[in-house]
Amino acid sequence: MAGSAPKLKREVSMLGLTSITVGGIIGSGIFALAATMGSVAGPAAVVALALLGVVVILMALPYAELGAAFPITGGPYSLPRRALGNFAGFMLGWGYFLYAFIGTAAIIDVFVEYLGTYWGALITVNSAGVLSITWLGVAVALVFLAGYTVLNVLGVKWGSLFAIVTTFSKIIPLVLFGLVGMLLLRLDNFTAFGFAPFGWSGVAFAMALGFFAFTGFEAASIPAEEVQNPKRAIPRATILSVGVVTLIYALVAVAFIGGVRWGALSLSPGDWGGTGVLLLNNVADAWGLAILGTVVVVGAILSTLGAGGDWVLLQGRMPYAMAKDNLFLKSMAKVSPRFGTPAVALVFASVLTGVVLVLLTNFPAVALLASITTLVPYGAAALALVVLRRTESAAERPYRMPAAWVLAPAAFVAATILVYWASWPWTLVGVFAMLGAVPLYFVFTSAKFRTAGRLAELGGTVAALAIVGAWFVYAPPSSATFSGAGVYLNTLPVFPVLGTAILFIGLPLYFVSFLLRKLTWNESKPVLWIATYLGGLGIISYLGDQFFIYENFLTTGSPYNYPITVQPMGLLNLPWDLVVLIAFGLAMFLWGYRSALRLGAPVAGPMTSAPSPGSPSAEGAAASAVTGPP
């Protein structure tokens, strides 16, 4: 009977929720944040950090209002879905889910790297000169991942208790480093070698690199059905968490930049680019405070340990929330009758995290990719806020975001700009990964797309495009080159260019074709803005500033040896790229808003029927996912 189905338990207190959120934000990033940002922006990294704090608060305010007004599990997915419809909700939930399990793997990976300072057999330097974990390190990471998963399957109250303990234990070393650093501050570090040696582009890139250290601020809205008094706790925990983290980050960054001792760290004075290899404990050691350095290392281990546990707690909520709405595998919606937790979804997400742990080799690049896939849902939350104020104006809102029609578009545009600054080729990869959700949506929601013939067509087409593209790139049938094809193509090898186009243009277009093939034009219009937005981000990145390139694997030469170099064309440089991004972001915000209003009533419950093979109503269910309830 439906009435006897096990329910989630409301056992997370205000302190627990704040600790989960702060713990989710303060993960591996802060212990490399100052050095990473300083290496590309110099002392102006402090400006980048301050701007990031403003942007994060701007993005957090919609979650504070929506999480309190509509306390349903899976906030980054459920809230935009309520306003923008099932298809948009699935796309955004998929993007956030990518971020969640990839980011969790990155955090655990860095935890093992820090642990490797005491147990050297866990880490090594690979052939590309990048620090990575050994197979023994992978095994240790998987053991900790399994432990996190068991802890959270046993019950969320134990997960939140774990969050409280680890959150406070990792804040103390950071605050201690910051306070001691303020006493030893050298102000000439901020002025003697130029405040912004890499210009404003460096500040922008520093913001993109540093954003991953701020992600997780929406965590308070995810386990909403497990929170005591959610209408009061969620907005307070959200705003309080962002404020606490921003203050801690600012303290640490100022102490780091003002605390660099060039000679003691074997750096040339003013060599800010060389600071990227430093850890906070290196700076503390240069102060002659080895004990503080040890405390910082222990804090780093506790930080990544705690963040890994926090995100295993949270990442399973995404497939659980989507499955409850019949938009994911039905088994993900099961709640353990013994422990009252979504055990199947937690284990499923952790298995994916384990796969990434085995494959993960470059933390900064993965961090950029994770940021890209979550910035799109962050922006969509701002859009959902203004839509729901129109469609559900009577809903009780314990907290209301001020100046919504100014701040919400600003948050959407800020997310759009940060995606661009997250740099080529990771913008391309992020867009590709998110557009891949289009066929998955129809497979999950329409029985006709789960027939053997349709699945064979989907798998066969994707495999054919991938094989042909890879063949043309890595084993071209001829060495012919372009001639008379324009300045950008002349002398380039024909087949590698065609293969690259098949892989990074043909496949995404095939994914998007499911919209027009499945639905009529009128039915497609409410969701086409999403595909246009994602595709537009990729195009602008390709046309944009060549400063925003990081670890481009689409380049000739070692270690990637791609047959051609594919990189931004440099046609849109600062400030014109910003002008285009602002105009594009505002246009997409207005298009998304008007499209959402065409959906009619808000999407407040599951799809009208759970699709199953052969179900005659599955086609109508897929249509209602886009057009909304009648």
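Computed from a predicted model, the values in this text were never measured in an experiment. Excluded from the calculations below are hydrogen atoms, water molecules and symmetry mates; all remaining heavy atoms, backbone and side chain alike, are included.
- Considering OG1 of T427 and CD1 of I540, their distance stands at 10.5 Å, rounded to 0.5 Å.
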(request) List the steps, then state whether side chain to side chain contact (heavy atoms under 4.5 Å, CB included) holds for T353 with V312. (result) CA-CA 9 Å; T353 299; V312 169; 5.9 Å; no

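- We find the CD1-CG distance between I564 and L554 to be 8.0 Å, quoted to the nearest 0.5 Å.
- Side-chain atoms of T215 and Y99 include a donor-acceptor pair closer than 3.5 Å.
- For A206, the side chain to side chain contact (heavy atoms under 4.5 Å, CB included) criterion is met by M37, V40, A41, A48, not counting sequence neighbours.
- With sequence neighbours excluded, no residue forms a side-chain hydrogen bond (donor to acceptor under 3.5 Å, both in side chains) with S423.
- Between F90 and F87, the distance separating the two ring centers is not shorter than 6.0 angstrom.
- Counting heavy atoms from C-beta outward, M59 and L375 have side chains that approach closer than 4.5 Å.
- Between R81 and N86, the closest side-chain pair of non-hydrogen atoms falls below 4.5 Å.
- A donor-acceptor contact shorter than 3.5 Å is absent between the side chain of T374 and the backbone of S371.
- With a 4.5 Å cut-off on side-chain heavy atoms, L581 and V413 do not count as touching.
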Taking distance alone, no hydrogens or angles, what donor-acceptor pairs closer than 3.5 Å link side-chain atoms of residues 432-439 to residues at least two apart or in another chain?
none

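- Side-chain contact between F212 and L368 is absent, with no heavy atoms from C-beta onward closer than 4.5 Å.
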(request) Decide side chain to side chain contact (heavy atoms under 4.5 Å, CB included) for L578 and Y420; before the verdict, give the C-alpha distance in whole Å, the side-chain angles of both, and the deciding distance to 0.1 Å. (result) CA-CA 10 Å; L578 281 181; Y420 169 77; 6.0 Å; no

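- In this structure, the ring of F198 has its center no less than 6.0 angstrom from the ring center of F205.
- Considering every non-hydrogen atom in both P568 and D545, the closest pair reads CB-O, 4.0 Å.
- Distance check: F548 CZ to Q567 CD gives 14.5 Å after rounding to the nearest 0.5 Å.
- Under the side chain to side chain contact (heavy atoms under 4.5 Å, CB included) criterion, L122 pairs with V112, L115, W119, L136, V140, not counting sequence neighbours.
- For the side chain to side chain contact (heavy atoms under 4.5 Å, CB included) test, residues two or more places apart in sequence or in another chain that qualify with W200 are V47, V203, L574.
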(message) Go through it in stages, so that I can follow the logic: the residues are E551 and Y560, the test is side-chain hydrogen bond (donor to acceptor under 3.5 Å, both in side chains), and I'd like the CA-CA distance, side-chain angles, deciding distance and then a yes or no.
(response) CA-CA 10 Å; E551 294 287 338; Y560 303 109; 2.6 Å; yes

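- Considering every non-hydrogen atom in both A382 and A408, the closest pair reads CB-O, 3.4 Å.
- The two residues F256 and L280 have their closest heavy-atom pair at CD1-CD2, 3.7 Å.
- Contact between L142 and G354 at its shortest, heavy atoms only, is CD2-CA, 3.8 Å.
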Name each donor-acceptor pair under 3.5 Å that joins a side chain in residues 531-539 to protein atoms two or more places apart or in another chain, with its distance.
residue: T532; atom: OG1; partner: L528; partner atom: O; Å: 2.9
residue: Y533; atom: OH; partner: T416; partner atom: OG1; Å: 2.7

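- Between L52 and G210 the shortest heavy-atom distance is CD1-C, 3.8 Å.
- Side-chain N or O atoms of N573 include one that pairs as donor or acceptor with a backbone N or O of G570 at under 3.5 Å.
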Residues 460-489, side-chain donor-acceptor partners within the protein, below 3.5 Å, at least two apart:
residue: T461; atom: OG1; partner: E457; partner atom: O; Å: 2.7
residue: W471; atom: NE1; partner: A475; partner atom: O; Å: 3.1
residue: S478; atom: OG; partner: A480; partner atom: N; Å: 3.4

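- Taking 4.5 Å as the limit, every side-chain heavy atom of V356 sits out of range of all side-chain heavy atoms of T104.
- Residues satisfying the side chain to side chain contact (heavy atoms under 4.5 Å, CB included) criterion with L267, sequence neighbours excluded, are W262, L265, D271, T275, L278.
- Of the residues listed (Y378, F589, F584), the one engaging F412 in a ring pair (Phe, Tyr, Trp, His ring centres under 6.0 Å) is F589, and it is the only one.
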(message) side chain to side chain contact (heavy atoms under 4.5 Å, CB included) for V376 and L92? Distances and angles first, verdict last.
(response) CA-CA 7 Å; V376 176; L92 299 168; 3.7 Å; yes

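- You'll find the side chain of L586 stays beyond 4.5 Å of the side chain of W591, heavy atoms only.
- To the nearest 0.5 Å, the span separating CZ on F442 from CG on L458 amounts to 12.0 Å.
- For the atom pair CG (D577) and CG (L571), the distance works out to 11.5 Å, reported to the nearest 0.5 Å.
- Listed by chain and number, the residues in a ring pair (Phe, Tyr, Trp, His ring centres under 6.0 Å) with F504 amount to none (sequence neighbours excluded).
- The aromatic rings of Y542 and W424 lie tilted to each other, with the angle between the two planes from 30° to 60°.
- Atom CG of L418 is separated from atom CE of M207 by 5.5 Å, given to the nearest 0.5 angstrom.
- Annotation for G430 and I372: closest pair CA-CG2, 4.1 Å, computed over non-hydrogen atoms.
- For T565, the side-chain hydrogen bond (donor to acceptor under 3.5 Å, both in side chains) partners are T555, T556, not counting sequence neighbours.
- The ring pair (Phe, Tyr, Trp, His ring centres under 6.0 Å) search around F553 returns W426, not counting sequence neighbours.
- Using a 4.5 Å heavy-atom cutoff, the side chains of L507 and I502 are not in contact.
- Counting only heavy atoms from C-beta outward, the side chains of L383 and Y593 approach each other to under 4.5 Å.
- Residues satisfying the ring pair (Phe, Tyr, Trp, His ring centres under 6.0 Å) test with F97, not counting sequence neighbours, are F101.
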